[in-house]
Structures are given as C-alpha cells and as structure tokens.
2 protein chains.
Amino acid sequence: MSTQPEASLQAEVNRLRLQLESLQVKDGSEPIALGNYLLARLEQLKVTKMFGVPGDFNLGFLDLVEDHPTIDWVGNCNELNAAYAADGYARVKEHSIGVVLTTFGVGELSAINGIAGAFSEMVPVLHIAGVPSTTQQKTKPMLHHTLGDGRYDAYIKAAENFTISQAILTDANTAAAEIDRILTDCMTRARPVYLTLPTNLVFEKISSERLKIPLSRLPPPNDPDVEAFVLDEIAKLVDEAADDVVILVDACAIRHDLRSEVNELITKTGFPVFSAPMGKTAVSEKYERYGGIYVGSISHPDIKEKVESAKLILSVGSLKSDFNTGNFTYSIPPSRTIELHSDHTKVQFAAFPGIGMKELLPLLTERLQPCSAAARKIPVPDFTAIVPNEANDVISQAWFWPKMGTFFKPQDVVIAETGTSSFGILDVPLPEKSVFVSQILWGSIGWTIGSTLGAAFAARDIGLNRTILFIGDGSLQLTVQELSVMLRHGLKPIIFVLNNSGYTIERFLHGKHRKYNDISNWKWTSLLGVLGDEDGTLSKSYTVKSKAELEALLEDAAFARADKIQLVEVMMPMHDAPRALVQQAELSGKTNAYVAI
Amino acid sequence: MSTQPEASLQAEVNRLRLQLESLQVKDGSEPIALGNYLLARLEQLKVTKMFGVPGDFNLGFLDLVEDHPTIDWVGNCNELNAAYAADGYARVKEHSIGVVLTTFGVGELSAINGIAGAFSEMVPVLHIAGVPSTTQQKTKPMLHHTLGDGRYDAYIKAAENFTISQAILTDANTAAAEIDRILTDCMTRARPVYLTLPTNLVFEKISSERLKIPLSRLPPPNDPDVEAFVLDEIAKLVDEAADDVVILVDACAIRHDLRSEVNELITKTGFPVFSAPMGKTAVSEKYERYGGIYVGSISHPDIKEKVESAKLILSVGSLKSDFNTGNFTYSIPPSRTIELHSDHTKVQFAAFPGIGMKELLPLLTERLQPCSAAARKIPVPDFTAIVPNEANDVISQAWFWPKMGTFFKPQDVVIAETGTSSFGILDVPLPEKSVFVSQILWGSIGWTIGSTLGAAFAARDIGLNRTILFIGDGSLQLTVQELSVMLRHGLKPIIFVLNNSGYTIERFLHGKHRKYNDISNWKWTSLLGVLGDEDGTLSKSYTVKSKAELEALLEDAAFARADKIQLVEVMMPMHDAPRALVQQAELSGKTNAYVAI
C-alpha cells in the first residue's frame, strides 16, 4: 500500500511525457465546456452509462449527459442503488470505470455505503456530486440540503474516508488537471474517487488540449535490479521445491488487471492452480489444471490437503479477509509462500516494495516455463459439482447449487448476494469465460440488485452472455426498486430469489429462531408487473417449489434463452444453508461469541 | 449556537446534583447488562420502538431488544428507511427520541443521510451501531464490513460530521456515563448522537445506580440580570410600536419544545401570529388571531403586507433557510425585529448569548399581557383555503390542496414530501391539534415514506388521529419497500401518491422537458398487495382521475375512517405545480442559473 501514491505520480509523469511529445498540435485545440471535458474523458475510458439520481445541483450537467452521443443517463430509483450499479458496471467492464452522479448532501450521502464498498473491494468508481456554485461555497447561505450551520465541507470530509482521492473544483483553470489526476488515481489504484462539480462551472469553457493525450493506466515500472533479484529468489525456491508448487489466485489478480498474465503463467507452467473465493473466475474453472476454491479450513478436504501440503505456494493478488480465508484459517506458513501484489512482492519473509506483479508476472512465466513438464505431473483434484441423489422433492441447498452448475453457459455473468448465495456458489465450477461477481469483503446486503443492473449493462456492452443473479428474499427487499430500472432499459437478467423466509446467514451466525431475522413474505412473482411491466410483455416470473419444477424450468429453452427479464422464486427451507456457510458461521461464532445471559 | 456545549454541561450539572441528593439509596442497586442499561434509559425516555436492520455485529443486542417488555423491534427493509423512521417518530412523539440500530460499516453508512437530515432539521435521534469486539477494534483483523486497510475509525470519523456527540464505548466501567452524556446532548440540543456498541460489551454487567436518576432535559438557566434587561428592552420596543406587533413562529419553537409557551404568549397577548413553513402547526391554524404562512416574497400578498408593515416582529425560533424564507426574501429589517432562540436572544442589532427562550417566553408573556386589549384590535388576514371553481374535471394543483383541506380532522398527522406536496400544503390551514411533518431544510426525497412509518407508530403511542401522507411518484420510488413494514405492523396511514410522471419540482427548477426528470410508471394500486398484503384484507388502493372521483372518495365514510392502510393514486398533469413552488423555482432559478450553452 505504501507505494501507491508513487503509482499515481508515475502515471502522471508518463502522461506528461506523452503530452510533451505532442506539443506541435497544441495550437489547434478548441475550447470545451468543463462538463463536456469530463464527459470526453469518460468516453475515452469507454464509459457508456452514467448512474445516479437527478437533483437541483446536477441538472445543468445532466443536460450535457443527456445530449452526449455515447454516454447514456440511466436514472436510478435511489442513490445507493446507483452507486451499487456503478460498482457492478466497473467490475464486469474491465478497463473502464463506473460513474455515479448525485446531488449535494442528500444524494451523495445516500450513495456513500456504495462508494465505501467500492473502496473496500477495490473497484474503480467515479462519484460526481453536483454542488452549489463557487460563490455559494464561499458565502455559505442556508440552502436546502445543507446542515443549517454553514459547514459546506462536511460532505467532503465524509467522502475523504471512502475515496482514494478527491477533486474539489473551485477554478475552471485547474479543473482539467484535477479531473485527470483523480481519474488516473481511480484506474491505477482501482479505488473510488470523488469529484465536486459546482453549478456555475459546468458550462465554463476550458482548453481541450489535454484531451489529445489519453490518460495512462501504466503502473510504475519495477526497479530492474530488484526485479532481477526477486526473480532469482523465486526461481531458486521453485527449484528447491522440486516443482511441487501450487498457484493460488485471488481478488487483486482481477482488480489489478492481471487476467491475461495469470493465464499465461498457469498455461505455460502447468502448475496446479486454485482460487480464493474473491478470485473465482480469475482463471477458467474448466481449465484442466484448476483444482477449485481454497478457503482455509472450510475448503473441501482434498483441496485443503493439496494446497497446504505443497512445498511452495505462489500467491497472486491475495486479499486475506475473514470470509475469503475461512475465517483466517489459512494453513500456509510464510516460509513456503511467495506473494505477488500490485505494488510489492513478498518472498518468504522478505518484502520487496515497489516490485509490482503486472511487470513481474510475464518475466516469471518465462523463467518458470521450463518447469512445465515436471509441473504437469503433479496431480490436481477434480473440481466438479455432483448433483446429489436426494430422496425427497425439497429444493435443498446441497442439491440446488450443483444443479445450477448444469445451467450456466460460457460467458455468463454470475452474481451472488452475500449470504447463502455467495457461499453456495463457491463449490460450483463456472463455465469458460464466465464472470463471477460477489462482494465477499464488504458484504453489504442488497448490493447485488444494483450491481446486477450495472453488470447487465456492461455485459451488453462487451458482448457477454446472460446475467444471472442469486439473491435471498431478505436481501432483495433492501434495494428492490432497481428492478424497475432494469425493465425500463430492456435488460434481461435472470433473477433467482431464494425464498427462505428471512435472513438465513444471520440465523446461522446468531438468533436461529429469533423474530428479528424474519421478514415479510412478498408476492415475488407479481413484482415485475407492478414495477413497470405494465402489459406483461417485458418480463416473466415463476415460482418453483420442488426439484422437479426447477429441473423443468432449467430445461425450458425459452427460459434459458433469457430474452426478457425473468424472476424465479425458489422455495427453500428456512433453516437450510450451504456447507461452506455452516462452517464459516461456526468459525465466526467462535470469535464473535456473545456472552450468554 | 456557541453556547450549546454549555447547555449539555449545565444539564449534566443538574443531573449530578440530583444524583448526589440520592446517595443514601446507592447500595441497593442491582448490576445490569450494559445493553439493558441502554434499554432502561430509552424506556425512561418513553421510547417504544427501535428501528433498524439486523446484522452480525448487533444480533446479541437484538436479543435484549426482542426480550424487552416495552420496546419493540421494528425491523426495517433497509437502514436509510430506518433512519428516516426514527426521525419521523421523534418529530411526532415529542419529549421522546428516535432510535435506529444498524451494523458496522455497511449498515451505519447506509443510514447516514437519514442521520444528517436529523442533524440539519434538529431532530433528536440516537444512532446505535453494533461494532466488532473491543479486542478486534485493537487488533484490526480484515473482517467483512471493513475497508480492508485496517481503518476501524473511518465510520466514526464520518459520523462525527453529522451527529452532535458520540460515545465510542471501549470500557464497561465508563459506558453508563457515556450513554447518559450523549442521550442528554440528544435531548437538550435536539440533534442526533452516535453510539458504538461492541459485541463483547453488550452483556457485561454494570451498576444500575445511575438509572435511579432520570436524565435531565433542562436547558441552562438564563442569567437573571441579563434576562431582566432583555425583557425591559423588548417591552420598550413593543411600547414604541404602539402595540403594532406581529409574532412569527418557526421550526425551533417545535424542536425546542416551546409549543405550550408559545400558545400562552399568543393567547394571552392577542398579537397577530404567523408561521414560517417549518413552523406550520406550531400554533393552531384555526386560532382566530392566526394569519397563515409567511414565506418572504412568495407569501400571499395580504400576509406579506401584514407581516412586513408591522412596526415590530417578534420572531420565535426562526430558521432562515432558502425554502423556509421564499429564497431569502424576508423584508423585515433587524431594526424592527426581536428574535428568540433556544440559546440566545436578539433585540434589533444586539445579541444576548445564553438568554434562551424556554425561560424567557413565560416572563415575556406576563410582561406583555397588558397589551392584550390593544393587540386584539389589530386586524389579521383570514387564513382559509377556498376550493376554486374550475370548469374542467382535471385534478389541478390549485384545486387539489384546498380540497384536501376539507378532509383533515383534528389531531391528524399530515406529512408532505419535499416538492409539490410540501409547497402545495402550505396554503391549506390544518385543523386543531394536527401535526405537520415535512423536511423543508434537508429536503431528501423519499424521506416521507420512512418518516410516515415512524410518525404512524408515534401517533398510535400518543393517541393522535390519522396519519396522512402526500408524496409524488418520483419520491416514492426511492424508499417504497417500507410500505411493507407498515403492513407488517398493522399501521393504517392514508397515502396519496401524486402521479405526475416524474420529478415535477425539478422540472420547475431546470429541465422541464428533459428525459432525466422522467420515471417509470408503476402499477401503484397493486403495490400493497405485492408487498405483504397477501390476501388483500390489510389494505385498500384506489386510483382517482377526476375531481368527481376524488370528491366521492373523500366523502366515503369507510375511507375516511382509515381502518386499514390505504393508497390513493391521484392522476395529475405533469407540468402543473402549486403556486408557491412555481414562485420558489423562479427565485431559485435566478441564484442557481446554469449558463446556457
């Protein structure tokens, strides 16, 4: 973490060098409205959707958005859902960013949990707050949406806790550089950034000169001497391990844009590869040398044995949060571990700050390629999900998840809400080029409805297949109105609502039979009709109460084609949970135990 | 504002004195679980409902809440709605406070806009966040709901911006004093406060000794010499004005518990009295000497003339925000104004810090009572709303609001969403002992659905009549799921949904024909059926498309009885707005103008 400011500085240096080279075209640039400068930058970053809610301090900028040829205004039902959507969009549309626009105070604060989640989970999101004019910022009148005590900086202070950098625009002359600075931070550090856009600056004309040079995503270069030393150290350890090496891929391999480098590494070396939950689908789960999900002591026994007994573990982009590590039960000593991170490398106990994996990995792949023949002889556990034979017709968790595994297709986007769904999906291999989306560290319930909206837009943009969401009835109630926005924009996700009468994950953590974990039962299958599908042509809803009913639905070609938005209410027992959740809850319970009264 | 910390100190001094007096009973007190200590304090404050969402860091405390004999857990659909509900509860249940319970990080941040709104509008709300154990707070593991970088204090830093005081519990020995400190601040300063409750402290046994002494609401006493001087000054000015005095009542008369003192003042002196929008129903709108709503240059001309031509204006608890003053168009010079506030008094240009109105007002009433005969000769404009004769059957804004005025009954709670509703209701006199609830300063759209939930609970507690909400279709979409909670708890509000196809207030501010002010049309009359009224017995929904249909409904005795939750979709033209909104928008437009492109 300590070297990340250097990363931004370096990226800015790279950009400035490029700009210097292009000085000869300088005189030809046209002035541009500040708001359009921002939109031009977003267009360069391939942003096609802006999420948010209109409010009187952002309406002027919204004119420019509505008139923009390639960026569409989505118009969410509320700001938290909009922030979630920007997050989901950014996760699926790699190499772009998510953008959420809110209004001063009321709007931006409603979005802040979504922004904090993007910070926690390392997702590049730009939060634009439309704010009062620069004059009002100085004279501080008691406008609506203020705290009534003249503290115009209170919302900025709040945002500083949850964004990696901020641009508080006060002057049109410096605005372009400020916008570029935070967008560069957003991309290179994979975290949310915050921009205030005063009403009176939106239409101010500024130079468009800087737009000629695209913003740089390049991380800072590694020091060649240190890098060479690190490579030697790693090669030595691999050699000592006599090729008994496993690769463990985690969240930051996705967040810091390492998919192709990791793929090269694993296919050219042939070492067995595993994922942490947050690294699921970073590498293909159908790859022959892929062994499944490692999550400490709640891993399947053969995965746990294989990973923990390896002589050397090459860990790529690890993020050791409680739910990502089986409650901190990794049994891999540092003496057998090499950790590659975006901005540093660890070889056993030695840290090498500034040696980032983006440059290191290709060199490492080349260096380790000769191990390939030996590496491929190491057995890998078979990662499959067998649908169990159960005597009854109840849709159990143990049956449901492997069954769903048979329904997924290549390039599907599979989204799992925190709780039953995020644990249940772990044991199911997803197809080639599918994308798994979940919020395992932040874990804000309701997040997937917003993020499914954003993910479905992104999937459409980049030509992925279906967007499929799994969410419990309790979580869906938090953010339900965003289904309406999916309908309005013609998105066609398949939404499996696991109706198990309340907050099941919490029942397993505490209060199994408590009323506070109960919720109201809704008519789920009438929901889409009420929320905008007036004549019933845009959506279809189903209830499945038995294994046979679910099987029939999954085999229905029209259903599987997903040519309209579909909601499937799946009736499941209240006190059933996936294996991994039960084990996680037992481990969490030990550390979070409440003293009995 | 500067002396408010003194107010808390003084209240604590009062409390300590009382405790000292009771030292003789000290030995008899039983130990109590910390969580139960908190609940006992809330019970003393007559809190009967706790709003919030369960999460794994508050489940232990929830056991205590669920088992408490007089405090019920409400269980909201999401945390923002819960915070809104706590706010609405506190507004209607005067002399109590609102309470919202959330979980660490994700939950508390989702609630923060609701808490900030309570700060802005001066509503006493306690926000309890269930947080990791005190050990985890020190060792800072990467738990779910953390930012992943060990900053366990980030949420506290955010909360500090929007609460008047905070208690970060770390030690059971000091917890009771900390809880008492912030609850005293909450009541005496009428602002939200923030409490973190670590999982391991909830069941720790502490002394119940302090519970024997109720918390004090007393504001600090006025300095008698200064107070006497101020009274003389005011009396002199009233005398000079030859009794041509008007009284203007505003928000802080309600928030700082002055209803009865103000009522004494106006009835014993007989001066004409007016309200600002945020002071509506602080005094009876049926009182013979009441002249209506003064809101600067957008007041009705006869009200404007009467207030602005008076020789002296006695202003009680004013809060001069844009929407509360007709965009800062008060035409009342300080030389003709006396301002009474909770913690200071202004006489013309002279400020008297520390002279608060709670003690001053009764003395002033006594002093001015002899003016009564002369004062009653001053004419007062007649505040009535005449239903206009319109030739067509369209439900216009100009017709709708006066018509609704005929429907209200004494002790109704009338809630108006920011926008069309909050402006439309201003010109309609409400009945005796009715309570008007709106969020004119903070103006967070969607707020009234949550606050109606809280207000309806409070109204039931204290024996008020019906709870009646006016909200637009755009605003309702932000927080719609909370209707489900109303159904679950058997609340029976009447909800008028003004269906005018989008964000009408914004159309008048900017973007009249822009798509970004459009929203999806929902099947409003099917909503309650989907959100929990499974067999249709708990609710009733209606659509009214014409004046005749609305009139027939309002005359239906079963409807007016409000013995189940009722939703009325009122079809209104998209580009119609109440007079006051049109004028406010014109004035706002001048200060917030976007430069045309």
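All values below come from the heavy atoms of this structure, side chains included, with hydrogens, waters and symmetry mates left out.
With rounding to the nearest 0.5 Å, the separation of CG in B:Asn517 from CD in A:Glu66 is 8.5 Å. Taken from CG in B:Asn161 to CG in A:Asp153, the straight-line distance is 7.5 Å, to the nearest 0.5 Å. In this structure, CE on A:Met486 lies 12.0 Å from OG on B:Ser520, to the nearest 0.5 angstrom. Taking CD from B:Gln136 and CG from A:Asp322, the interatomic distance works out to 9.0 Å, rounded to the nearest 0.5 Å. Distance check: A:Ser526 OG to B:Leu527 CG gives 11.5 Å after rounding to the nearest 0.5 Å. Distance check: A:Phe119 CZ to B:Thr146 OG1 gives 10.5 Å after rounding to the nearest 0.5 Å.
With A:Tyr516 as reference, B:Asp63 is the one residue of B:Val74, B:Val65, B:Asp63 to meet the side-chain contact (heavy atoms from CB on, under 4.5 Å) rule.
Using cut-offs of 30° and 60° on the angle between ring planes, the pair A:Trp442 and B:Tyr155 is perpendicular.
For chain B, the nearby part of A:Asn76 is the backbone; its heavy atoms alone come within less than 4.5 Å. Heavy atoms of A:Ile440 lying under 4.5 Å from chain B belong exclusively to its backbone. With a threshold of 4.5 angstrom between heavy atoms, B:Leu80 approaches chain A through side-chain atoms but not through N, CA, C or O.
Partners of B:Asp72 by side-chain contact (heavy atoms from CB on, under 4.5 Å), not counting sequence neighbours, listed by chain and number: B:Lys49.
The pair A:Arg514-B:Asp67 counts as a salt bridge, with a side-chain nitrogen and a carboxylate oxygen less than 4.0 angstrom apart.
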**Message:** Test side-chain contact (heavy atoms from CB on, under 4.5 Å) on B:Trp524 and A:Val530; report intermediate values, then the result.
**Reply:** CA-CA 7 Å; B:Trp524 296 107; A:Val530 168; over 6 Å; no

**Request:** Please lay out, stage by stage, how B:Asn521 and A:Glu534 fare under the test side-chain contact (heavy atoms from CB on, under 4.5 Å).
**Result:** CA-CA 8 Å; B:Asn521 193 35; A:Glu534 293 185 84; 3.4 Å; yes

**Message:** Could you walk me through whether B:Asn324 and A:His144 satisfy the side chain to side chain donor-acceptor pair (under 3.5 Å) test, starting with their C-alpha distance in whole Å, then the side-chain angles of each, then the deciding distance to 0.1 Å, before giving a yes or no?
**Reply:** CA-CA 9 Å; B:Asn324 202 36; A:His144 62 290; over 6 Å; no

**Message:** Does A:Gln477 form a side-chain contact (heavy atoms from CB on, under 4.5 Å) with B:Val485? I'd like the steps, not just the answer.
**Reply:** CA-CA 11 Å; A:Gln477 293 191 352; B:Val485 180; over 6 Å; no

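Side-chain contact between A:Asp56 and B:Ile505 is absent, with no heavy-atom pair separated by less than 4.5 Å. A heavy-atom distance below 4.5 Å is not found between the side chains of A:Glu506 and B:Thr103. Counting only heavy atoms from C-beta outward, the side chains of B:Val106 and A:Ile445 never approach each other to under 4.5 Å. A:Gln481 has its side chain within reach of B:Trp522: a pair of non-hydrogen atoms, C-beta onward, lies under 4.5 Å apart. The shortest side-chain heavy-atom distance between B:Phe328 and A:Leu143 falls under the 4.5 Å cut-off. A 4.5 Å side-chain heavy-atom check between A:Met142 and B:Phe323 finds every atom pair outside the cut-off.
Residue pairs that meet the salt bridge (Lys or Arg N to Asp or Glu O under 4.0 Å) test with at least one member in residues 74-83 of chain B, sequence neighbours left out, do not exist here.
When the candidates A:Leu62, A:Ile112, A:Asn78 are compared by the number of heavy-atom contacts under 4.5 Å with chain B, A:Leu62 comes out ahead. In terms of non-hydrogen atom pairs under 4.5 Å with chain A, the most contact-rich of B:Lys157, B:Arg151, B:Glu482 is B:Arg151. Ranked by heavy-atom pairs under 4.5 Å with chain B, the first of A:Gly529, A:Ser321, A:Ala116 is A:Ser321. Put simply, of A:Ala158, A:Gly148, A:Cys77, the one with the most heavy-atom pairs under 4.5 Å next to chain B is A:Cys77. For the options A:Lys515, A:Glu160, A:Glu121, heavy-atom pairs under 4.5 Å to chain B are most numerous at A:Lys515.
Taking both residues in full, the closest heavy atoms of A:Asn113 and B:Ser110 are given as ND2-OG, 2.7 Å, listed atom of the first, atom of the second, then distance.
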